[in-house]
2 protein chains.
Amino acid sequence: MNIQQIIKQHHLELLFQQGTFGIEKESQRVHSDGSIVTSSHPKAFGNRRFHPYIQTDFAESQLELVTPPMKKLEDTLRWLSAIHEVTLRTLPENEFIFPFSMPAGLPPEEHIKVAQLDNHEDVAYREHLVQSYGKYKQMVSGIHYNFQIDPKFIEALFHAQNETQSAVDFQNDFYLKIAKNFLRYQWILLYLFSATPTVEEKYFRGNSPLKPHQYVRSLRSGKYGYVNDPKIHVSYDSLQEYVETLEHWVKSGDLIAEKEFYSSVRLRGAKKARDLLEKGIQYLEFRLFDLNPFAPYGIELDDAKFIHYFILLMAWLEDTADQEGVELGKARLAEVAWEDPRQQSVYAVEGELVLLEMLKMLEQLNVSDEIKTIVKDKLGQFANPSQTLCAKVVAAIEQVGSYQQLGADIAQSNKAKAFERFYALSAFDNMELSTQALLFDAIQKGLNIEILDERDQFISLQFGEHLEYVKNGNMTSHDSYISPLIMENKVVTKKVLAKAGFNVPQSIEFTDVKSAVENFPLFENRAIVIKPKSTNFGLGISIFQQGVTDRDDFAKAVEIAFREDKEIMVEDYLLGTEYRFFVLGDQTLAVLLRVPANVIGDGVHTVAELVAVKNDHPLRGDGSRTPLKKIALGDIEQLQLKEQGLTVDSIPAKDQLVQLRANSNISTGGDSIDMTDEMHASYKEIAVGISKAMGAAVCGVDLIIPDLKQPAEPSLRSWGVIEANFNPMMMMHIFPFSGQSRRLTMNVIKMLFPELP
Amino acid sequence: MNIQQIIKQHHLELLFQQGTFGIEKESQRVHSDGSIVTSSHPKAFGNRRFHPYIQTDFAESQLELVTPPMKKLEDTLRWLSAIHEVTLRTLPENEFIFPFSMPAGLPPEEHIKVAQLDNHEDVAYREHLVQSYGKYKQMVSGIHYNFQIDPKFIEALFHAQNETQSAVDFQNDFYLKIAKNFLRYQWILLYLFSATPTVEEKYFRGNSPLKPHQYVRSLRSGKYGYVNDPKIHVSYDSLQEYVETLEHWVKSGDLIAEKEFYSSVRLRGAKKARDLLEKGIQYLEFRLFDLNPFAPYGIELDDAKFIHYFILLMAWLEDTADQEGVELGKARLAEVAWEDPRQQSVYAVEGELVLLEMLKMLEQLNVSDEIKTIVKDKLGQFANPSQTLCAKVVAAIEQVGSYQQLGADIAQSNKAKAFERFYALSAFDNMELSTQALLFDAIQKGLNIEILDERDQFISLQFGEHLEYVKNGNMTSHDSYISPLIMENKVVTKKVLAKAGFNVPQSIEFTDVKSAVENFPLFENRAIVIKPKSTNFGLGISIFQQGVTDRDDFAKAVEIAFREDKEIMVEDYLLGTEYRFFVLGDQTLAVLLRVPANVIGDGVHTVAELVAVKNDHPLRGDGSRTPLKKIALGDIEQLQLKEQGLTVDSIPAKDQLVQLRANSNISTGGDSIDMTDEMHASYKEIAVGISKAMGAAVCGVDLIIPDLKQPAEPSLRSWGVIEANFNPMMMMHIFPFSGQSRRLTMNVIKMLFPELP
């Protein structure tokens with residue numbers, strides 16, 4: 001079978017490049033000095049029995065971060081970034097993630113706890129490893145790169161050939177070819193991506209094979225790394241022989257289980273190797289990769305892409321390495337691992353030839369220039385070893401003085417970066433902040449997440465068999481369809497709330513200017529609001545707080561409202577302060593006061609300066625990427641200043657409140673002030689009742705309250721409902737300008753998954 | 001207290017005219033000849049124990065139709081019309097509603113069954129009436145007009161005076177004044193609105209007081225009508241005296257219960273008169289009115305408005321009639337009732353004076369000209385008795401030959417009219433047809449309905465304490481909020497359905513033209529559909545049924561799709577016929593085939609003629625007022641004809657199918673064909689499964705099926721899901737072009753109210 005020809009003839013170029021990618025990344029939790037912690041895996045990460053993203057590997061201190069399989073490497077790395085951000089922000093204040101594969105500051109062996117998993121077999125397996133390899137070797141970390149080619153590609157390839165009759169055999173042969181060629185040429189990836197040039201002496205139990213100032217390319221992949229006894233030989237001649245030799249070593253007791261076979265490539269798709277014969281190999285796991293300490297989460301996207309095409313090249317090559325070739329490749333790997341990273345490799349020429357072959361493949365596949373540039377850059381590194389990752393690591397170690405110190409510096413810097421925009425989840429920054437907050441919590445607690453539609457803020461969350469959909473942060477199956485329809489319609493809302501016995505400002509609707517104005521006598525001398533029936537953005541609203549006395553004023557306000565809608569309402573105006581109640585189920589979880597954009601004078605600075613200082617707050621920004629918004633100094637604000645006899649250059653007196661807006665919206669620079677603990681319980685109960693009358697699971701209730709410390713008196717008209725909002729905003733409660741943060745997204749998760757431990 | 005002055009000073013003119021209006025209308029079920037039926041109250045009207053709209057009065061044959069109280073008379077009469085339409089369409093084919101108050105074709109007394117109500121007391125009361133009055137008198141029908149003035153008006157009036165200290169006493173005095181003045185001047189309304197000039201001899205048990213060809217104004221309100229023994233005098237001097245005298249007659253046994261006191265005006269608001277002393281009179285019931293046989297439902301809107309202002313006049317007048325005045329009024333009523341309707345009344349001058357007073361009031365209240373015109377017209381009738389309703393009735397009787405025949409003619413014509421647009425509920429014709437159908441069913445079965453927002457198709461239905469909201473016919477609390485969001489988004493829908501194991505055509509999404517076109521090789525030679533991601537109106541869709549072979553064709557289709565959305569899908573095209581499954585809960589209730597607009601040749605008529613004949617079908621119309629649409633003969637249809645080598649003037653051969661559209665939408669003249677019974681059960685189960693995967697309570701599932709008689713084979717790709725639709729259309733199933741009607745709105749009601757008997 002000539003794969004290159006078939007791809008060309010059958011236009012399979014694109015299909016060949018499609019696949020699924022998953023990354024597992026181990027790393028140690030460390031103190032600020034880079035030394036490994038002996039604390040337990042943090043409870044905040046939920047339960048390791050099911051956590052899909054945040055696990056532990058060998059030791060309790062050894063995090064294993066796992067991405068879901070994704071169709072695009074970009075997405076895989078986004079997930080890796082997101083899981084990192086969640087992990088870093090959840091770790092105790094004095095803990096960090098070490099960026100190197102080789103451990104540093106190793107505690108005495110007896111202080112290292114193997115991972116305390118629920119499953120006894122898992123713990124027993126780890127205890128066995130301790131016996132075979134000692135604890136220190138098990139503390140080595142790395143990246144595992146999982147790759148499945150698009151099954152449609154294998155299918156198309158199978159149908160285009162006639163050498164093999166069985167589809168499963170064909171699939172197994174295809175993946176075996178990649179595995180064998182990979183083992184043959186793996187040293188090339190090691191040369192390019194290794195990053196473990198040294199380790200502390202303690203690792204060798206005081207018996208370091210490294211001379212002073214000696215650096216190697218990869219301690220991890222050499223004989224002092226995490227490798228099997230050299231006598232363990234497993235055949236790749238055929239899947240049958242692979243299964244039989246592997247089973248032999250387990251039977252003989254040299255391996256406690258098949259998974260103790262540490263090959264740079266693992267055949268995946270079944271728990272037992274033997275099952276692969278029937279099921280077929282589903283994907284390959286490449287375990288060769290050291291952590292890249294310069295990449296914030298251990299691997300760069302460009303390198304991940306290079307690896308993808310390198311794997312494809314292993315399939316593309318005309319030849320398939322035989323067992324002899326595999327052993328040759330393993331030997332070269334060991335040799336190159338022990339080379340000085342600042343020197344050329346002895347096999348540089350082979351490396352260059354393989355990468356030239358890769359460039360030819362890219363040409364045939366009509367791949368974008370971006371990939372070609374990456375490959376050309378790597379090709380150049382054979383002539384310039386100083387450009388390899390490992391040489392750069394060595395240079396950095398030399399500069400800082402020790403690899404532990406370098407690791408500690410990077411670990412601290414990475415953690416600080418994870419907190420820069422602490423209210424966001426950077427990887428999903430094109431989604432709304434509330435969905436980012438929800439994703440953060442779901443990742444932390446270990447729900448299976450699927451982003452169904454990013455633009456649409458549509459995700460699914462799953463725990464076991466229990467599947468839930470969420471849109472816009474808190475739209476869920478718990479809301480009945482009709483509730484938001486009621487809330488959208490102010491007239492219907494009022495009818496429903498009044499019927500349920502809540503204080504609703506009385507109102508009358510009109511569908512034309514004439515009949516509204518004719519009814520002026522009904523409103524004369526009453527405090528009223530005139531507003532369009534269905535718009536929600538404060539447009540077209542006029543308030544007569546002191547009572548409307550003039551028919552012409554009334555008529556003008558009616559006309560303004562009609563500009564926004566075909567139907568308007570004239571409503572009683574309630575005196576008091578408006579508070580937003582966030583209700584979920586039977587509880588008011590948060591109460592917020594929204595204050596119009598303002599600054600407070602200090603007798604020294606101008607309004608403009610005070611605004612600039614206030615705008616410097618980390619929660620404030622422009623657009624939708626921050627929970628609070630910067631105060632503008634546009635026409636509306638200047639008009640507001642003018643009404644107070646001020647300009648932007650005025651210097652307000654000390655403690656003088658300068659109002660820059662009449663409306664209290666957060667979106668125009670308003671302050672959000674948490675009042676949950678201050679609010680009288682009776683109002684919180686009223687808000688819950690209103691939400692229930694709306695049939696809502698999650699509801700934002702706006703109440704006008706004369707005094708938040710005094711109990712509500714339902715019989716007196718001393719308070720009133722302004723609005724009930726579906727899909728209420730959460731960020732202003734989670735990250736208020738002042739007062740306590742209320743982590744509402746976690747409440748949404750608990751509502752959806754009460755069974756979550 | 002000078003009410004006129006207070007209204008003026010306090011600008012209460014509008015408030016004075018506001019009120020609540022409810023109408024009860026009795027009438028007999030009759031055969032086509034106008035004779036009273038002896039059949040039971042139809043079971044289709046649900047249960048009289050709770051039915052708010054369709055009840056029986058004295059006899060099993062005597063319907064009592066009751067409107068809900070409404071703020072506008074227009075709405076009250078709309079409800080009366082709606083209840084009538086439902087009643088007429090529900091009656092057995094050979095039953096009608098008699099339009100006269102006086103019965104005709106009376107059966108032997110022993111054949112008349114009193115209403116078979118669940119409550120024994122109610123039946124016992126009726127048996128008592130039989131003893132006191134005989135059955136025939138009880139068969140007389142009429143209209144009761146209930147009126148409550150806006151409570152805010154009474155409140156305002158109360159605060160503006162200082163004669164009465166108690167608000168309840170003030171309210172009672174206010175309503176008593178109306179009642180007394182009404183009793184004083186009620187003869188005027190009788191003169192204008194009476195319509196019972198004669199009755200068959202049998203009614204008098206063979207002893208008619210009427211001479212041959214003698215007509216009177218109102219048999220019903222005279223001594224041969226439905227009146228108490230003349231000795232029963234009840235005092236209206238004060239509410240206290242009213243209560244005491246009424247209780248006296250019950251105590252003495254002359255009345256079996258307070259409700260046996262048949263006054264033209266009843267004080268309402270409590271079960272027992274004595275309770276009114278504390279609770280206050282809430283509204284008045286005016287019982288004077290004969291059925292207007294010329295009004296389709298017994299009363300004209302203009303007359304109802306006249307009565308409203310007449311009642312207001314009773315409050316407006318400076319004087320309040322004393323007991324003497326009340327007795328005088330009752331005497332005049334009896335006199336006028338016995339006058340010849342074709343002659344002037346002896347009290348015409350008083351009538352004219354009162355109506356002139358009324359016109360003055362209208363002037364003061366600044367009432368619209370429409371009302372003034374109505375009053376002026378009535379005023380003229382004192383000089384022209386031939387213009388009174390009763391004189392017109394007499395003329396019609398003389399022309400037809402007998403009042404029974406006239407009644408039978410009108411009854412038949414009314415019933416025929418109620419069937420003219422049998423798919424609509426005329427009173428609510430500005431709502432969608434599906435909501436009209438739902439309202440029809442809810443009225444028939446006796447749910448309490450509130451129209452919350454007419455433009456928004458938003459209603460509530462209530463049974464006992466159980467309240468449900470419905471929007472657009474089938475959006476209810478049974479749907480979770482997230483389901484329609486899933487269904488709205490085609491990408492999410494497919495992910496969810498594929499995950500649940502349903503056959504979904506595979507697809508790939510693109511966000512720019514370039515990358516879509518680059519991926520052409522993935523689709524080459526495959527049957528595909530290219531479509532925008534989120535539009536729903538068939539715009540921008542291209543189908544390559546035979547497989548796409550040309551890259552340029554593909555690119556063009558991609559561009560067309562991108563004109564409609566920022567994201568497009570390229571999807572496998574399934575071969576087969578598309579059917580719409582209407583799923584509710586666990587059941588597929590209806591399956592529909594939609595056929596593109598077409599005609600079938602007869603070898604004689606042209607295409608244009610055939611279209612004209614087809615368009616004449618009663619279900620076809622323009623706009624949204626009919627279940628099916630007329631076939632247009634515009635550019636698109638002519639192009640379609642051209643592709644078949646035809647023009648509008650061609651004469652297609654006998655049985656030749658001429659297609660006028662490529663798309664099968666009902667909105668462009670397509671035919672809807674019910675296939676529920678033909679469809680293989682396996683597909684109905686699949687549709688239910690799909691609806692469940694969407695989390696939907698009501699769902700329209702579009703399946704492509706190669707052969708509806710063969711069972712679905714889920715393992716083979718022999719069928720597929722095209723779309724799942726929230727809030728699916730119902731009218732095309734309820735009123736299909738051919739095949740059986742499926743009354744889906746009743747299923748919606750049963751879903752919401754499983755407890756409904």
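Just so we're on the same page: letters track the sequence lines, and every chain starts at 1.
Using a 4.5 Å cut-off between heavy atoms, A/Val496 contacts chain B through both its backbone and its side chain. In this structure, the portion of A/Glu567 lying under 4.5 Å from any heavy atom of chain B is its side chain and not its backbone. Contacts between A/Ile451 and chain B at a heavy-atom distance below 4.5 Å involve the backbone alone (N, CA, C, O). Neither the backbone nor the side chain of B/Glu509 comes within less than 4.5 Å of any heavy atom in chain A. With a 4.5 angstrom heavy-atom cutoff, B/Phe520 does not touch chain A via any of its atoms. Heavy atoms closer than 4.5 Å to chain B are found in both the backbone and the side chain of A/Ile486. With a threshold of 4.5 angstrom between heavy atoms, B/Glu450 approaches chain A through side-chain atoms but not through N, CA, C or O.
We find that A/Lys533 and B/Asp453 are joined by a salt bridge, their nearest charged nitrogen and carboxylate oxygen being less than 4.0 Å apart.
How far CD of A/Glu488 is from CG of B/Asp456: 8.0 Å, rounded to the nearest 0.5 Å. To the nearest 0.5 Å, atom OH of residue A/Tyr481 and atom OG of residue B/Ser477 are 13.0 Å apart. Between A/Tyr469 atom OH and B/Met694 atom CE the span is 7.0 Å, to the nearest 0.5 Å. Rounded to the nearest 0.5 angstrom, A/Leu14 CG and B/Glu518 CD are separated by 7.5 Å. Here CZ of A/Arg455 is found 6.0 Å from OG1 of B/Thr511. Values are rounded to the nearest 0.5 Å. Summarising the geometry, atom NZ belonging to A/Lys499 is positioned 5.0 Å from atom CD belonging to B/Gln462; distances are rounded to the nearest 0.5 Å.
Side-chain N or O atoms of A/Lys495 include one that pairs as donor or acceptor with a backbone N or O of B/Leu452 at under 3.5 Å.
Most heavy-atom pairs under 4.5 Å with chain A: of the set B/Val491, B/Asn519, B/Leu485, this distinction falls to B/Leu485. Interface remark: of the candidates B/Asn489, B/Asn366, B/Leu15, B/Asn489 forms the most heavy-atom pairs closer than 4.5 Å to chain A. Of the listed residues (A/Ser483, A/Ala697, A/Pro484), the one with the most heavy-atom contacts under 4.5 Å to chain B is A/Pro484. Chain A forms more heavy-atom pairs under 4.5 Å with one residue of B/Ser460, B/Ser480, B/Ala156 than with any other, namely B/Ser480.
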